[in-house]
Amino acid sequence: MPLPFLTADGQADSDHAAQTPLPHDAREHWRRPYRPGPWRVGGAALLLLLASYLLFSALIIALAGAWSGMAVCLGAGLLVIALALRLLRVGIWVSAYGMRQVRLLNTVSLSWRRVAAVRTVQQPVKWLGLPRTVQGQALAVVRQGDDEPLRPLLTDHNADFLARPEAFDRAADVIESWAAESRPGAAR
């Protein structure tokens with residue numbers, strides 16, 4: 001019994017599959033062109049573990065009858081869950097409209113019209129976002145009419161690319177190609 005939905009070539013013969021765009025071809029949607037790194041995922045997992053302890057303690061406190069303590073533990077647990085989810089969203093997102101740098105507490109968007117260049121540079125970078133700096137690579141963006149680059153978009157020592165230089169190179173190449181293709185006047 002053939003199961004065409006389990007094979008990659010199951011839809012290769014249909015005309016409908018050749019005419020419909022793939023889900024990743026929709027350039028209007030914001031997407032991160034790389035996967036979150038193990039340090040980022042591990043940090044979020046630890047935060048979720050802490051949140052589970054907080055929520056469990058809220059349950060125990062509620063069963064004991066101390067409602068104000070339960071509310072504090074519940075609120076802290078929900079805050080830690082929101083922080084963990086935000087930590088997973090941190091990074092660079094691109095679309096046909098521009099690039100978006102999502103940080104832990106804020107987001108900066110820049111349209112492709114305002115981007116003059118996106119390039120990889122050698123410079124001192126922060127190690128896992130801590131104050132300690134090391135020599136490394138950073139993906140920097142230069143705005144139109146401004147010679148000074150913005151804060152580095154990506155570094156090879158951040159939570160997504162620490163000890164993964166090939167992943168940083170791939171992500172930097174993808175973001176640079178998005179910038180080259182999406183800037184006004186670029187050939188598509």
Handout entry: Derivation of the side chain to side chain contact (heavy atoms under 4.5 Å, CB included) call for L55 and I81
Key = CA-CA 10 Å; L55 294 175; I81 290 172; 3.9 Å; yes
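Under the 4.5 Å side-chain heavy-atom criterion for Ile, Leu, Val, Met, Phe, Trp and Tyr, L47 and L104 are members of the same hydrophobic cluster. Cluster annotation: L162 and L87 are assigned to distinct hydrophobic clusters (Ile/Leu/Val/Met/Phe/Trp/Tyr, side-chain heavy-atom contacts under 4.5 Å, transitive). Cluster membership for V141 and V174, using ILVMFWY side-chain heavy atoms within less than 4.5 angstrom, is shared. W30 and L154 fall into different hydrophobic clusters, defined by Ile, Leu, Val, Met, Phe, Trp and Tyr side-chain heavy atoms under 4.5 Å apart, directly or through other members. Each of M70 and I60 belongs to its own hydrophobic cluster when Ile, Leu, Val, Met, Phe, Trp and Tyr are linked at side-chain heavy-atom distances under 4.5 angstrom.
The closest donor-acceptor contact from the side chain of Q101 to the backbone of N106 lies at 3.5 Å or more, if one exists at all. Checking side-chain atoms of W112 against main-chain N and O of S95 turns up a donor-acceptor pair under 3.5 Å. Side-chain atoms of D173 do not come within 3.5 Å of backbone N or O of E176 as any donor-acceptor pair. Under the 3.5 Å distance criterion, the side-chain polar atoms of R89 are left unmatched by any main-chain donor or acceptor of A84.
Rounded to the nearest 0.5 angstrom, Q144 CD and R114 CZ are separated by 10.0 Å.
The minimum heavy-atom distance between L74 and A58, with the atom names listed, is N-CB, 3.8 Å. Scanning both residues, F168 and L139, for their nearest heavy atoms gives CZ-N, 4.2 Å. Considering every non-hydrogen atom in both A179 and V118, the closest pair reads CB-CG2, 3.6 Å.
With contacts defined as side-chain heavy-atom distances shorter than 4.5 Å, the pair R32/I92 does not qualify. Side-chain contact check for P165 versus D156: every heavy-atom pair is 4.5 Å or farther apart. No side-chain heavy atom of R113 sits less than 4.5 Å from a side-chain heavy atom of V115. Using a 4.5 Å heavy-atom threshold, the side chains of T155 and P152 count as touching. Counting heavy atoms from C-beta outward, L54 and L78 have side chains that stay 4.5 Å or more apart. You'll find the side chain of V90 stays beyond 4.5 Å of the side chain of R103, heavy atoms only.
Close placement of the Y34 and F161 rings is indicated, their centers lying within 6.0 Å of each other.
Among residues at least two apart or in separate chains, there is no ring pair (Phe, Tyr, Trp, His ring centres under 6.0 Å) pair with a member in residues 41-81.
Around atom CH2 of W39, no more than 12 heavy atoms belonging to other residues, nucleotides or ligands sit under 6.0 Å away. Atom CZ of R35 is surrounded by 12 or fewer heavy atoms from other residues, nucleotides or ligands within 6.0 Å.
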Below 3.5 Å, can you tabulate the donor-acceptor pairs from side chains in residues 127-138 to any protein atom, sequence neighbours excluded?
none

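Partner of V94 under the side-chain contact (heavy atoms from CB on, under 4.5 Å) criterion, out of M99, H29, R100: M99 alone.
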